[in-house]
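When reading the values below, keep in mind they use all heavy atoms of this one structure, side chains included, and skip hydrogens, waters and symmetry mates.
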2 protein chains.
Amino acid sequence: MRQRNDTLAAARSRLESKQARLTPARRLVIETLDGSSGPQSAADIAVTIAGAIPMSSLYRTLTVLEETEVIERFPDQTGIARYELAEWLTGHHHHMTCITCGATSDVAVPGDLEATVIDIVSQVGRRFDFEVTGHRLDLQGVCSQCR
Amino acid sequence: MRQRNDTLAAARSRLESKQARLTPARRLVIETLDGSSGPQSAADIAVTIAGAIPMSSLYRTLTVLEETEVIERFPDQTGIARYELAEWLTGHHHHMTCITCGATSDVAVPGDLEATVIDIVSQVGRRFDFEVTGHRLDLQGVCSQCR
DNA sequence: TCTCGAAATGAGAATGGTTCTCATTCGCAT
DNA sequence: ATGCGAATGAGAACCATTCTCATTTCGAGA
């Protein structure tokens with residue numbers, strides 16, 4: 001299990017390799033995402049850190065962390081940006097989104113199944129002359145709490 | 001191969017079952033999406049139809065068609081909404097997005113592979129106590145034109 | 001065919017997430 | 001200590017999308 005200090009150290013060296021610093025704001029955002037079980041919006045993060053970082057700075061912080069590939073950004077179903085630690089920090093995973101409560105949580109597909117997914121994806125890429133560099137698998141459904 | 005008239009007829013009956021009409025604007029949008037090979041943004045559609053529908057009406061049209069499940073909406077990687085005909089009209093498919101040019105195109109995963117995907121997805125759902133109702137598989141990579 | 005009411009439209013204002021500007025502050029390397 | 005690029009904060013600006021409301025269109029019934 002990766003420790004928080006590992007994440008911060010890895011993030012710091014990634015940032016420094018791009019002449020950016022691990023500032024208090026950036027550290028706070030990284031720690032927040034490291035403690036979350038699913039992708040967080042800027043507003044989510046602001047709530048978690050109790051507004052410790054003004055929105056304009058928070059967005060800029062998120063942009064910097066995204067550009068340095070410490071975090072990844074993708075829109076949720078409504079188009080609002082959500083962030084999580086980059087996969088090289090967390091490990092490859094996918095998402096399950098509950099169509100009832102809207103919650104999205106991470107899901108690590110078991111290794112054997114993930115291998116099959118990768119195989120399928122590359123077969124499809126080959127068939128359509130598309131050089132696959134990554135994939136995303138989202139499950140929609142109803143979570144256990146909503147049933 | 002589904003014909004355009006089939007699509008329009010199916011859309012009309014779907015709309016009428018929800019006391020909505022197949023108006024000229026709605027027909028135009030449906031025909032536009034029917035003639036596209038990938039998801040289109042509101043701006044894309046506006047260009048294709050040469051501004052024949054004012055943006056406020058276009059957005060409302062898209063909302064109505066989405067609510068009646070004639071089309072589906074999902075945000076692209078930048079968070080901008082993109083639309084395409086619902087899967088009950090087009091058949092189940094996935095998307096390939098080129099990380100170089102940004103183009104997204106539809107891809108129908110061959111039946112045997114799709115069956116495996118469905119199997120994997122339901123296994124994962126079972127394992128995580130999540131009642132899967134649908135899935136989305138996005139391939140990222142480089143298209144043949146960009147290589 | 002005429003009429004009425006519900007549905008649809010168009011123009012423009014309003015919204016809200018996100019980005020930009022710019023003046024100020026911070027922190028590392030001399 | 002000093003200087004300079006990096007980082008910050010406040011607020012304005014942006015822009016995709018939604019809302020408002022007055023007007024128009026369509027279709028069912030007279």
| Where along residues 44-69 of chain A does a heavy atom fall under 4.0 Å from DNA chain C? |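 Heavy-atom contacts with DNA chain C come from A:S56, A:Y59, A:R60.
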Can a side chain N or O of [X] be found less than 4.0 Å away from OP1 or OP2 on [N]?
X	N	answer
B:R82	D:dA16	no
A:T23	D:dT8	yes
A:R21	C:dG27	no

Nearest-angstrom distance from the residue atom [atom1] of [X] to [atom2] of [N]:
X	N	atom1	atom2	result
A:L22	D:dA7	CG	P	11 Å
A:L15	C:dC28	CG	P	14 Å
A:I80	C:dT15	CD1	P	17 Å
A:D76	C:dG16	CG	C1'	14 Å
B:E16	D:dC26	CD	P	14 Å
A:R26	D:dT8	CZ	C1'	10 Å

Lys/Arg N to Asp/Glu carboxylate O, [X] vs [Y], below 4.0 Å:
X	Y	result
A:E16	A:R21	no
B:R73	B:E84	no
B:K18	B:E67	no

Side-chain donor-acceptor distances from residues 100-109 of chain A under 3.5 Å, at least two apart:
| from | atom 1 | to | atom 2 | distance (Å) |
| --- | --- | --- | --- | --- |
| A:T104 | OG1 | A:T97 | OG1 | 2.9 |
| A:D106 | OD1 | A:H95 | ND1 | 3.3 |

| Hey, do the aromatic rings of A:H92 and A:H135 have their centres closer than 6.0 Å? |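 Judged by ring-centre distance (under 6.0 Å), A:H92 and A:H135 do meet the cut-off.
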| task | Ignoring the backbone of A:A81, work out which of D:dA7, C:dT18, C:dT9 is nearest its side chain. | result |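 My answer, after comparing the listed nucleotides, is C:dT18.
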| task | Could you check whether B:A20 gets within reach of a base, just the sugar-phosphate, or nothing at all, counting any heavy atom under 4.0 Å? | result |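 The residue B:A20 makes sugar-phosphate contact but no base contact.
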| query | Does B:R136 make a cation-pi contact with B:F74, if we ask for NZ or CZ under 6.0 Å from the ring centre and within 45° of the axis? | reply |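 B:R136 over B:F74 ring: yes.
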| Pair A:S41, A:D44: side-chain N/O donor-acceptor within cut-off below 3.5 Å |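 A pair is found: one side chain offers a donor N or O, the other an acceptor, under 3.5 Å apart.
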